[in-house]
Amino acid sequence: MTVSELDRTSLLVVDTHTLIWMVEEDSRLGVQTAEALNRAGWEGRIVVSAITPWEIGLLVSKGRLRLGPDVMQWIREALGRPGVRLAPLEPEIAVASTRLPFEMHADPADRILVATARHLGATLVTADAALLQLAARGNFRTLDAAR
């Protein structure tokens with residue numbers, strides 16, 4: 001899906017790296033996607049999956065990501081941005097992540113992100129090539145975060 005094809009009422013579920021790029025104003029976040037996320041933020045349409053704080057904490061604990069002295073403070077500030085809301089890990093999402101109607105890799109965070117987007121009827125904003133390929137087959141909607 002391209003930025004111009006986005007429905008202005010569509011929720012945007014941000015992948016973990018997309019949230020980090022957005023908050024850190026990382027140049028890997030595409031200009032068009034950054035603009036779409038900014039607009040969605042003002043309209044209250046950005047969703048962070050409950051798995052994302054876990055994944056960020058894990059990346060920091062393994063030394064694969066540095067976000068300053070206090071990861072919990074960073075997460076609170078990210079979730080406190082205008083228009084950003086946390087989607088709880090509802091039982092329906094958790095179970096759906098184990099029963100996706102298509103073949104997908106076993107990464108639990110990715111499976112929960114996809115199940116969350118599908119459950120909410122949202123667009124997943126990601127630069128993950130594997131997820132973009134799955135979406136291209138019509139399994140769910142994505143917006144390439146690098147564009």
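This structure is a prediction, so every number in the text was calculated from the model and none was measured.
Side-chain contact, H119 with E90: a donor N or O sits under 3.5 Å from an acceptor N or O.
Between L124 and L143, every side-chain heavy-atom pair lies at or beyond the 4.5 Å cut-off. Put simply, the side chain of V13 does not reach to within 4.5 Å of the side chain of T123, judged on heavy atoms. With contacts defined as side-chain heavy-atom distances shorter than 4.5 Å, the pair T18/L37 qualifies. Contact check for M104 versus V114: side-chain heavy atoms found under the 4.5 Å cut-off. Proximity of I56 to L19: side-chain heavy atoms (C-beta onward) are separated by under 4.5 Å at one or more points. R85 places none of its side-chain heavy atoms less than 4.5 Å from the side chain of V48. When side chains are defined from C-beta on, V23 counts as touching R81, because their heavy atoms get closer than 4.5 Å. In this structure the side chain of D15 reaches within 4.5 angstrom of the side chain of L131, judged on heavy atoms.
Among all heavy-atom pairs drawn from N139 and R118, the shortest one is O-NH1, 2.6 Å. Nearest heavy atom pair, residue A50 against residue P88, reads CB-C, 4.0 Å. Scanning both residues, D110 and D128, for their nearest heavy atoms gives OD2-OD2, 3.5 Å. Considering all non-hydrogen atoms of both residues, A94 and L89 come closest at N-CD1, 4.0 Å. Across V14 and T52, no two heavy atoms sit closer than the pair O-OG1, 4.3 Å. Heavy atoms only, all atoms of each residue included: A122 and L11 are closest at CB-O, 3.3 Å.
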Evaluate the criterion side chain to side chain contact (heavy atoms under 4.5 Å, CB included) for residue pair W74 and I20; output intermediate values, then yes/no.
CA-CA 10 Å; W74 188 96; I20 294 166; 4.0 Å; yes
Applying side chain to side chain contact (heavy atoms under 4.5 Å, CB included), run through L67 and E24 and close with a yes or a no.
CA-CA 9 Å; L67 295 174; E24 296 294 313; 4.2 Å; yes
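Between the side chain of R111 and the main chain of H105, a donor-acceptor pair closer than 3.5 Å is present. Side-chain atoms of T33 never come within 3.5 Å of backbone atoms of G30 as a donor-acceptor pair (strictly under, hydrogens ignored). A donor-acceptor pair under 3.5 Å is absent between the side-chain atoms of R141 and the main chain of A117, judged by distance alone. No donor-acceptor pair under 3.5 Å is formed between the side chain of T142 and the backbone N or O of D144. Side-chain atoms of R45 never come within 3.5 Å of backbone atoms of L12 as a donor-acceptor pair (strictly under, hydrogens ignored). No donor-acceptor pair closer than 3.5 Å links the side chain of D26 to the backbone N or O of L29. Not one N or O on the side chain of R28 forms a donor-acceptor pair closer than 3.5 Å with the backbone of A127.
The structure places OG1 of T98 at 12.5 Å from CD1 of I93, a figure rounded to the nearest 0.5 Å. Once rounded to the nearest 0.5 Å, the distance linking CG of L100 with CG of L134 reads 9.0 Å. Taking CD of E55 as the start and CD1 of I112 as the end, the distance is 10.0 Å to the nearest 0.5 Å.
Residues M22 and L132 are members of separate hydrophobic clusters, defined by side-chain heavy-atom contacts under 4.5 angstrom among Ile, Leu, Val, Met, Phe, Trp and Tyr. One hydrophobic cluster, built from ILVMFWY side chains closer than 4.5 Å, holds both L86 and I75.
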